[in-house]
Amino acid sequence: MSNSYVRTQMLPPQEAPIGERGAIKWLRDNLFSGPLNSLLTILGLLVVFYLVKLSLPWWLNSVWNANSLGECRDIVAAAGGESGACWAVIKARWHQYIFGFYPQDAYWRPVLAFGLMFVALAPVLYWNDRKGAIMVALTAALTVLSMVLLNTPGTVDLVAIVIMAALFAVAWLMPKKLIFVTLLYPFVAFFLLWGGPVWKGVATLLGFAVIVVVYRLLQSRLGVVVATAAGVVAAAVYWIVLQGYVTGALTAILPIGLPAVSSDQFGGFLLAFIIGVTAIACSLPLGVLLALGRRSDMLLIKTLSVGFIEFVRGVPLITLLFTASLLLQYFLPPQTNFDLILRVIILVTLFSAAYLAEVIRGGLAALPRGQYEAADALGLDYWQAQRLIIMPQALKISIPGIVSTFIGLFKDTTLVSFVGLLDPLRGVTQIVRADINWKGIYWEPYIFVGVIFFLICFGMSRYSMYLERKLKTDHR
Amino acid sequence: MKKSVFLGTLAATTMIAGVAAAGTLDDVKARGELICGSNTGLTGFGAPDANGNWVGFDVALCRAVAAAVLGDQNKVKFVPTTGETRFTALASGEVDILVRNSTWTYSRDNDLKLDFVAVNYYDGQGFMVKKDLGVSSAKELDGATVCIQTGTTTELNLADFFKFNNISYTPVTVQDDSEAQRQYLAGACDAYTTDASGLAAARATMADSENHVILPEIISKEPLGPVVRHGDNQWGDIVRWTFFSLLIAEEKGITKANIEEVAASTTDPEVRRMLGLEGNMGAMLGLDAGAFKNAISANGNYGEIFEANIGSATPIGLARGLNALWTQGGLQYAPPFR
């Protein structure tokens with residue numbers, strides 16, 4: 001039976017009223033949804049307008065080619081401007097902001113080390129993912145390009161191209177093998193940055209081989225912790241007593257290496273990266289251990305962990321830096337030349353490890369008790385349970401906290417200017433301003449350095465969001 | 001028990017440190033390099049240039065000492081020190097000598113166990129104001145706002161000066177010198193105070209330097225000079241006499257350019273002694289006979305160093321003033337080289 005009064009076809013939908021669609025609706029929803037919001041929007045727009053009106057001429061009158069601040073001012077005045085940015089200072093001194101006093105003919109070394117850092121990071125950041133190979137390819141291209149632009153000798157360029165091509169091949173064909181590059185990277189970077197005979201790094205590396213051998217020999221009989229400790233002790237003995245001879249012997253047989261660069265020539269972003277990256281890389285494992293120690297049932301380990309974390313979190317970073325720079329000198333034997341950069345790296349690492357420990361402890365606490373019990377029920381021992389069940393979940397929960405600790409750590413590297421190191425923000429800027437040609441310059445260095453810091457920290461933050469999405473397995 | 005062990009260790013450490021400090025000359029010679037505590041960057045006095053070479057008035061003195069001790073003015077490493085780290089860096093042996101615009105005061109000399117061995121620059125604290133403020137003397141600054149760097153002797157001097165003259169002021173404290181200059185130019189304060197040499201350098205680089213005046217009053221004595229550790233008199237003497245040799249060179253008209261000529265022809269016995277042509281003056285300090293000749297030929301005599309780094313021909317344009325030789329009405333006076 002059919003009813004002729006019932007419409008069989010829907011009418012075509014009418015367009016929404018003008019106030020309920022498009023830009024107007026968006027404006028009404030987001031900016032003018034009520035009297036208070038309207039007022040705030042108008043105020044905000046006024047502030048933005050005022051700021052732009054104030055600073056726009058300054059940006060538009062930018063001067064890129066001048067030899068001094070005075071010349072910049074003359075050029076701006078000649079163009080009829082009131083004020084103008086003097087980016088010429090960045091053009092003249094950018095290399096000091098990036099490399100400090102690193103020898104100019106050796107700029108390719110930090111650049112190559114920086115490029116290799118991303119290669120080493122690829123398998124860590126993009127585990128088992130084609131994106132790692134793409135990252136290696138991009139890095140390789142950019143590194144070689146920068147090296148050529150920095151007037152690197154042709155043979156060095158050629159070697160770099162070959163190395164990068166080989167690394168890309170590895171990344172593309174067997175991405176999991178690239179992790180060996182990551183493990184070797186600290187030694188390669190140390191050798192590239194500080195120079196000296198190549199055997200120093202090789203001999204140090206042998207110490208880690210000692211750890212592995214001792215661990216393999218003892219682990220089945222004495223367990224993970226004792227075997228690791230024995231390995232570390234054996235390696236320490238080797239490093240302190242034997243390594244000097246090994247290095248000397250190898251250097252005598254085959255003296256190859258790069259010209260040595262001393263630590264006081266490091267500065268700018270090179271220094272910030274050395275401190276930041278080393279501290280980030282070392283503080284994560286240390287933070288995990290401290291977090292586990294704090295939740296341990298063993299009284300001694302628990303007390304030590306709690307004491308360390310609470311002490312380090314209880315003092316400001318600047319105090320620790322002054323300790324590194326001043327106090328340690330008094331307690332070390334006179335004339336010991338314990339590198340200031342190394343001292344600072346150690347204390348920055350300990351500082352962020354304490355914060356990370358608390359972040360990771362938060363992740364551990366968020367895991368339901370059932371997970372621990374399930375691990376026990378499967379018959380896993382403590383370390384297996386941590387490695388296979390607990391940590392993957394706890395770390396996943398803690399990603400935002402960990403990354404924000406890292407970002408904070410990286411920005412805190414600028415505090416080293418207080419102990420006379422050449423950080424990019426204050427240390428180098430102070431030196432640039434001490435030049436009579438650039439004395440009185442103010443905003444330009446800050447903006448330049450700030451933009452670079454922003455890009456790096458923003459990059460870290462975007463990566464952490466990517467990682468969270470990738471690891472998201474629940475369906476909330 | 002534990003405490004006594006700790007104190008014993010501390011005492012032993014101090015003793016070892018004291019022993020080591022006594023042989024700074026030997027340390028420097030063994031190392032083949034002088035380590036000089038310098039500034040983190042002060043216009044005209046000490047800063048690295050675009051190529052990383054350290055230049056400046058204080059730096060030149062370090063180079064002269066390196067030339068005297070090691071025979072090469074480039075065998076010197078400059079360690080930037082901040083206002084907080086400078087004296088500890090010296091006391092702990094991290095640097096051999098500190099030439100970093102440090103004011104010689106009673107407590108620094110005695111309480112910190114340091115020795116100021118000479119005064120290479122007589123400075124004093126002054127004021128800069130905008131011309132249209134219509135002030136011609138610092139005593140007219142009643143009720144003014146003053147931009148001042150925190151944690152410096154200048155801050156204390158300022159308080160003393162206003163209190164003594166029974167006038168009031170409002171301090172605007174800032175972190176560093178560039179900040180102070182910025183605030184002053186932005187109008188956050190009426191007057192800007194720091195060492196007169198710093199004021200001159202700041203004024204030289206201002207866009208409208210003709211609109212600013214430096215007031216005539218100098219409200220403090222700021223004798224700036226090289227510092228060494230207490231207790232190593234030989235090393236202190238080396239630094240002191242290296243500086244004096246630069247003064248005597250100016251007095252006798254010996255310059256970097258004519259030093260070889262003078263050495264070949266001079267009959268002045270004092271010059272002959274100083275340049276190592278006669279007697280055995282260098283050996284008294286454990287140095288070579290030609291040590292002071294090397295020091296002078298490194299960057300020239302005191303006057304040449306002054307003119308090259310901060311003198312009237314440079315943009316900073318400081319007059320010799322108190323730093324002229326005593327023969328020209330200044331305070332720079334060297335004892336006889338005999």
Side-chain angles (χ1 to χ4, degrees), chain A residues 68-70 72-74 76-77 83 89 92-96 99-104 262 264-265 267 318 321-322 325-338 340 417-423 426-443 445-446, chain B residues 9-10 13-14 16-21 27 30-31 35 37-56 77-82 84-89 91-94 175-179 181-182 185 201-202 204-208 309-310 314-316:
Chain A
S68 71
L69 184 57
C72 271
R73 285 179 184 140
D74 291 347
V76 172
S83 67
V89 65
R93 295 298 192 101
W94 66 272
H95 58 282
Q96 285 184 334
F99 299 106
F101 299 133
Y102 208 86
Q104 300 205 357
S262 74
D264 50 275
Q265 287 170 287
I318 295 196
L321 289 177
F322 276 125
S325 132
L326 306 176
L327 213 55
L328 281 181
Q329 278 295 314
Y330 280 116
F331 292 116
L332 293 170
Q335 307 306 324
T336 32
N337 196 5
F338 190 21
L340 180 58
S417 73
F418 285 102
V419 293
L421 288 179
L422 274 180
D423 85 295
R426 224 174 96 99
V428 176
T429 303
Q430 228 166 0
I431 279 171
V432 169
R433 283 199 193 121
D435 186 338
I436 189 79
N437 290 325
W438 304 115
K439 195 176 162 66
I441 200 126
Y442 195 76
W443 297 108
Y446 287 152
Chain B
T9 319
L10 197 63
T13 318
T14 321
I16 297 168
V19 171
D27 290 345
R31 200 190 302 129
I35 303 180
S38 191
N39 231 297
T40 49
L42 183 64
T43 313
F45 284 86
D49 65 8
N51 299 317
N53 301 317
W54 285 77
V55 287
K77 185 174 109 177
F78 292 95
V79 174
T81 56
T82 65
E84 291 90 5
T85 62
R86 53 183 165 176
F87 296 125
T88 324
S92 66
E94 209 169 8
Q175 188 51 54
D176 58 24
D177 198 53
S178 59
E179 191 79 22
Q181 203 179 320
R182 184 89 207 160
L185 287 175
T205 55
M206 282 177 183
D208 53 344
N309 292 296
I310 51 179
T314 65
I316 305 173

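Each chain gets a letter, A, B and so on, in the order its sequence line appears, and its residues count up from 1.
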For this session: Compare every heavy atom of Gln430(A) with every heavy atom of Thr40(B), then report the nearest pair and how far apart it is.
Result: OG1-OE1, 3.4 Å

Exercise. Using non-hydrogen atoms only, which part of Phe322(A) is less than 4.5 Å away from chain B: side chain, backbone, both, or neither?
Worked result: side chain

Problem set entry | Contact class of Asn53(B) relative to chain A, heavy atoms under 4.5 angstrom | neither

Seminar exercise, completed: Under 4.5 Å to a heavy atom of chain B? For Trp94(A) that would be neither

Exercise. Do you know which of Met206(B), Arg182(B), Glu94(B) has the most heavy-atom pairs with chain A at a distance under 4.5 angstrom?
Worked result: Arg182(B)

Exercise. Which residue out of Pro48(B), Gly41(B), Gly44(B) racks up the most heavy-atom pairs below 4.5 Å with chain A?
Worked result: Pro48(B)

Problem set entry | Which atom of Ile436(A) lies closest to which atom of Thr205(B), heavy atoms considered | O-CG2, 3.5 Å

Exercise. Can you name the closest pair of heavy atoms from Thr82(B) and Gly420(A) and give their distance?
Worked result: CG2-N, 3.8 Å

Exercise. Picking from Ala204(B), Ser178(B), Pro315(B), which has the most non-hydrogen pairs under 4.5 angstrom with chain A?
Worked result: Ser178(B)

For this session: Could you tell me which portion of Thr429(A) (side chain, backbone, both or neither) has an atom closer than 4.5 angstrom to a non-hydrogen atom of chain B?
Result: neither

For this session: Considering non-hydrogen atoms only, spot the tightest contact between Arg433(A) and Thr43(B) and give its length.
Result: O-OG1, 3.7 Å

Problem set entry | Largest heavy-atom contact set with chain A, pairs under 4.5 Å, which of Ala50(B), Ala47(B), Ala207(B) | Ala50(B)

For this session: I would like to know whether Val79(B) and Asp264(A) meet side chain to side chain contact (heavy atoms under 4.5 Å, CB included); could you show each step before the answer?
Result: CA-CA 8 Å; Val79(B) 174; Asp264(A) 50 275; over 6 Å; no

For this session: Begin with the C-alpha distance, continue with both residues' side-chain angles, and end with the deciding distance and a verdict on side chain to side chain contact (heavy atoms under 4.5 Å, CB included) for Asp49(B) and Asp435(A).
Result: CA-CA 7 Å; Asp49(B) 65 8; Asp435(A) 186 338; 5.7 Å; no

